[in-house]
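To start, the structure itself, in structure tokens.
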Amino acid sequence: MKARVRYAPSPTGLQHIGSVRTALFNYLFAKSVGGDFILRLEDTDRTRSSDAYVKNLYDTFRWLGFYWDEGPDVGGPAGPYVQSERFALYREHAQRLVDMDKAYYCFCAEDKAAKKDEAADDDASADAASPSGFGYPRTCRALDPAEAGKRAASGEPHVIRLKIPLDGVTAFDDILLGRIEWKNADVNPDPVLLKSDGFPTYHLANVVDDHLMGITHVMRAQEWIPSAPLHIIMYDAFGWEPPKLCHLPMVLGEDGHKLSKRHGATAVDEFRKKGYLEAALINYVAMLGCSYEDGRDIFSLDDLARLFTMEHINKAPAVFDYVKLEWFNGQYIRMLSDAELVSRITPFMAEAGLVAAEPTEAQAAALLAAAPLVKERLKYLTDAPDALRFLFAEPATPPAAEMLPKKLDAADAARALSAAVGLLRAVDPSDHDACESAFREKAAELGLKLGDLLMPLRVAVTGTKVSPPLFQSIAALGTAKALARAERAVLALLAAAEEGR
RNA sequence: GUCCCCUUCGUCUAGUGGUUAGGACACCGGGUUUUCAUCCCGGCAACGGGAGUUCAAUUCUCCCAGGGGAUGCCA
């Protein structure tokens with residue numbers, strides 16, 4: 001049977017690195033076995049779902065570059081793929097469960113106090129420690145079904161709750177974790193299936209849709225383990241065969257807690273804006289909790305899809321390491337062709353006001369010439385503006401002190417820089433070897449190290465002590481501009497020397 | 001509190017009874033070099049603890065400890 005897996009996000013927030021990892025693992029599994037990857041929107045929380053988040057979801061995955069075989073936008077035989085468009089289905093199925101005496105109407109008022117308060121801290125867990133069990137006290141379970149049915153039919157507000165067996169155990173075999181057994185007494189007592197607004201909860205919608213859509217494998221984070229038995233009980237009640245379950249290890253922040261905003265960037269969109277390459281992000285995230293081929297660490301999406309196996313998923317949670325991600329990003333930047341790098345950094349250059357959003361021909365040429373200069377120096381695409389500013393904007397003449405090599409004073413530096421200017425007039429900056437030998441000779445003649453001769457020129461031309469290789473930078477800039485900057489700098493140095501005397 | 005899951009270098013991991021416990025990031029040295037990077041070489045560093053099983057346990061079993069997760073009309 002062809003494998004069918006799904007990614008089922010709820011559009012109640014920006015696409016998060018943790019959920020994207022779940023999507024990625026599902027995708028990799030599907031592709032590794034020639035199965036289908038399906039997108040389903042779980043927008044059953046009417047107050048929190050929003051179109052803006054749906055858009056963010058599409059934007060995110062378009063950027064990441066992986067796709068689904070079936071989904072709201074591409075259609076498919078098991079649609080619709082948006083739960084709010086399947087509204088009637090859930091009530092129908094909940095009703096079936098009631099009719100079979102596997103679920104019941106509940107008329108208890110919504111317990112606001114039981115709702116998790118966002119601001120609540122650890123004290124809340126102490127409060128929750130009721131000595132006699134937990135959760136809903138199953139009050140309405142005792143109601144006469146016929147009577148309850150009448151009340152519901154008359155329009156009295158109600159929810160539908162699942163009857164969790166009072167004793168016995170529910171077990172399932174997790175692909176990763178093996179057999180997991182739960183005493184039914186420990187399962188969430190009678191969870192809500194259908195809310196009072198008529199929408200299903202995750203539990204109901206998830207089970208109904210996974211079955212109706214022919215999902216064969218459910219891969220989701222380990223935080224879902226406690227609700228797995230409840231889902232199994234539902235599959236049994238319906239008489240359906242449950243899909244195979246695989247609970248993925250969690251992704252943690254450096255402090256060992258579930259990855260969240262306070263750990264740094266977590267929304268995929270933030271990574272894009274911060275100058276990460278999607279290939280680097282995918283490569284890194286794929287390696288959190290899973291391994292592919294020993295002795296190798298650079299994998300394309302296709303490589304990952306080919307190499308993925310569930311046997312190589314780890315059970316233990318993984319800590320998200322921004323430093324290692326940074327290394328991956330640098331690796332991927334270096335693998336870009338010059339033209340690719342240009343198209344990647346152009347938006348950031350434009351944002352910094354250094355080039356037009358649609359670069360002019362001259363800017364495009366300058367960008368292309370500059371690409372090889374910075375390729376191995378960038379950790380993030382966002383580093384490009386600072387690294388290349390000197391090519392697109394006129395730097396202020398640096399203060400003399402900035403231009404002094406170690407142990408040299410302003411007069412020495414002025415002398416060195418003047419010599420450099422003289423040399424610059426004579427050489428072709430694009431002839432790297434000629435430049436270097438000319439400057440080496442001159443340095444020796446002046447009793448300077450090559451670096452000392454070059455430093456004042458570097459600062460004068462680029463405006464900073466740290467720059468791409470000087471001769472190539474000058475070649476990219478053009479000798480005329482470089483000369484003008486250097487000559488101004490000589491004057492500044494001379495003035496400083498005068499003052500210092 | 002209760003239930004569940006997890007446990008190899010600081011981090012990500014390889015490893016499925018016998019290995020000098022391997023790799024990557026980070027870190028520390030050194031080299032190349034025109035600053036910064038890149039690149040190359042070397043180094044540091046781990047099987048949570050205790051009982052078993054076995055000729056032999058990182059690997060199998062149990063207990064403990066530690067960590068994480070769940071305990072919603074959120075997913």
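Convention: sequence-line order gives letters A, B, ...; per-chain numbering from 1.
Under the Watson-Crick or G-U wobble criterion, with both distances below 3.5 Å, B/U33 has no partner in any strand shown. With a cut-off of 3.5 Å on both pairing distances, the Watson-Crick or G-U wobble partner of B/A65 is B/U7. With a cut-off of 3.5 Å on both pairing distances, the Watson-Crick or G-U wobble partner of B/U2 is B/A70. The partner of B/C28 is B/G42, by the rule that a Watson-Crick or G-U pair needs both atom distances under 3.5 Å.
Using a cutoff of 4.0 Å between basic side-chain nitrogens and carboxylate oxygens, A/K195 and A/E110 are not scored as salt-bridged. Under a 4.0 Å N-O distance rule, the pair A/K375/A/D338 qualifies as a salt bridge. A salt bridge does not link A/D209 with A/R6: none of the charged nitrogens is closer than 4.0 Å to a carboxylate oxygen. Salt bridge status for A/R151 with A/E156: present, with a side-chain N to carboxylate O gap under 4.0 Å.
Remark: the backbone N or O of A/P9 is not paired with any side-chain donor or acceptor of A/Q15 at under 3.5 angstrom.
In this structure, A/S467 reaches the bases: a heavy-atom distance under 4.0 Å links it to at least one base atom across the strands shown. Residue contacts shown for A/D197 are absent, as no nucleic acid heavy atom lies under 4.0 Å away. Within the nucleic acid shown, A/P468 comes within 4.0 Å of at least one base atom, counting heavy atoms only. Nucleic acid contact for A/V159: base, since at least one base atom lies under 4.0 Å from a heavy atom of the residue. Nucleic acid contact for A/L454: base, since at least one base atom lies under 4.0 Å from a heavy atom of the residue.
Taking A/Y104 as the reference, nothing meets the ring-ring contact (aromatic ring centres under 6.0 Å, His included) condition, with sequence neighbours excluded. Annotation: side chain to side chain contact (heavy atoms under 4.5 Å, CB included) contacts of A/A370 (sequence neighbours excluded): A/L388, A/L391. In terms of the side chain to side chain contact (heavy atoms under 4.5 Å, CB included) criterion, residue partners of A/T464 (sequence neighbours excluded) are, by chain and number, A/T462, A/S467. For A/F299, the ring-ring contact (aromatic ring centres under 6.0 Å, His included) partners are A/Y292, not counting sequence neighbours. Remark: A/P191 pairs with A/L162, A/I164, A/N188, A/H203, A/L230 by the side chain to side chain contact (heavy atoms under 4.5 Å, CB included) rule, at least two apart or across chains. Residues passing the side chain to side chain donor-acceptor pair (under 3.5 Å) test with A/H312, sequence neighbours excluded: A/T309.
The distance from atom CG of A/L288 to atom CG of A/N314, rounded to the nearest 0.5 Å, is 10.5 Å.
Within residues 38-50 of chain A, the residues that have a heavy atom under 4.0 Å from RNA chain B are, in order of number, A/E42, A/T44, A/D45, A/R48. Of the residues in residues 204-213 of chain A, not one comes within less than 4.0 Å of RNA chain B through any heavy atom.
For the pair A/Y284 and A/D321, the tightest heavy-atom approach, listed with the atom from each and the gap, is OH-N, 2.7 Å.
Across B/U59 and B/A51, the matching P atoms stand 14 Å from one another, rounded to whole Å. For the C1' atom pair drawn from B/G66 and B/G48, the interatomic distance equals 7 Å after rounding to whole Å. The separation of B/U61 from B/U7, taken at their P atoms, amounts to 12 Å, rounded to a whole angstrom. With C1' as the reference atom, B/C5 and B/A26 are 29 Å apart, rounded to whole Å. Separation of the C1' atoms belonging to B/G23 and B/C44 is 16 Å when rounded to the nearest angstrom. A gap of 47 Å separates the C1' atoms of B/A75 and B/C39, to the nearest Å. Taking atom P on both nucleotides, B/A21 is separated from B/U32 by 35 Å, rounded to a whole Å. Straight-line distance between the C1' atoms of B/U58 and B/G18: roughly 12 Å, to the nearest whole Å.
Rounded to whole Å, the distance from CZ on A/R377 to C1' on B/A37 is 5 Å. To the nearest angstrom, P of B/C12 lies 15 Å from OH of A/Y292. Rounded to whole angstrom, the span from the CD1 atom of A/I180 across to the P atom of B/C4 amounts to 10 Å. Rounded to an integer number of Å, the gap from NZ of A/K315 to P of B/U8 is 12 Å. Atom CE of A/M287 and atom P of B/U11 are 17 Å apart (whole Å). Between the C1' atom of B/A75 and the NE2 atom of A/H16 lies a distance of 13 Å, rounded to the nearest Å. The CG atom of A/N188 sits 18 Å away from the P atom of B/U2 (whole-angstrom rounding). Atom pair A/L248:CG and B/C5:P shows a separation of 17 Å (rounding to whole Å applied).
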Please tabulate, for the side chains in residues 443-455 of chain A, all donor-acceptor contacts under 3.5 angstrom to protein atoms that are two or more places apart in sequence or on a different chain.
from   : atom 1 : to     : atom 2 : distance (Å)
A/E445 : OE2    : A/K442 : NZ     : 3.4

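Side-chain rings of A/W224 and A/Y202 approach one another, their centers coming within less than 6.0 Å. Aromatic pair A/F61/A/Y7: ring centres closer than 6.0 Å.
At the phosphate of B/U38, neither OP1 nor OP2 sits under 4.0 Å from any side-chain N or O atom of A/K379. At least one side-chain nitrogen or oxygen of A/S291 sits closer than 4.0 Å to the OP1 or OP2 atom of B/A14. Between B/U34 and A/H432, no contact under 4.0 Å exists linking OP1 or OP2 to a side-chain N or O.
Side-chain to base pairing of A/S196 with B/C73: one donor and one acceptor N or O lie within less than 3.5 Å of each other. Evaluation of atom-type donor-acceptor distances gives no pair under 3.5 Å for the side chain of A/R334 against the base of B/U38.
Of the candidates B/C3, B/U34, B/C6, the closest approach to any side-chain atom of A/R458 belongs to B/U34. Nearest to the side-chain atoms of A/N314 among the listed nucleotides B/U13, B/C73, B/U35 stands B/U13. When the nucleotides B/C5, B/C3, B/G69 are ranked by their closest atom to the side chain of A/W182, B/C3 comes out on top. With distances taken from any side-chain atom of A/P469 to the nucleotides B/U38, B/C3, B/U35, the minimum falls on B/U35.
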Sugar-phosphate atoms are those with a prime plus P, OP1 and OP2; base atoms are the rest. Using that split, label each nucleotide of nucleotides 16-33 of chain B B, S or - for protein heavy atoms under 4.0 Å, 5' to 3'. ------B-BSS-------
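When only modelled atom types and interatomic distance are considered, A/Y380 and A/E326 share a side-chain donor-acceptor pair under 3.5 Å.
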Nucleotide N/O of nucleotides 58-67 of chain B paired with protein N/O under 3.5 Å:
none

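Along RNA chain B, the nucleotide closest to A/L470 and the one closest to A/H158 are compared, and the more 5′ of them pairs with A/L470. Along RNA chain B, the nucleotide nearest to A/E376 and the one nearest to A/P200 differ in position, and the one closer to the 5' end is contacted by A/E376.
Within the structure, side chain to side chain donor-acceptor pair (under 3.5 Å) pairs that include any residue of residues 160-173 of chain A comprise A/D101-A/K163, A/T170-A/N184, A/D173-A/R179 (at least two apart or interchain).
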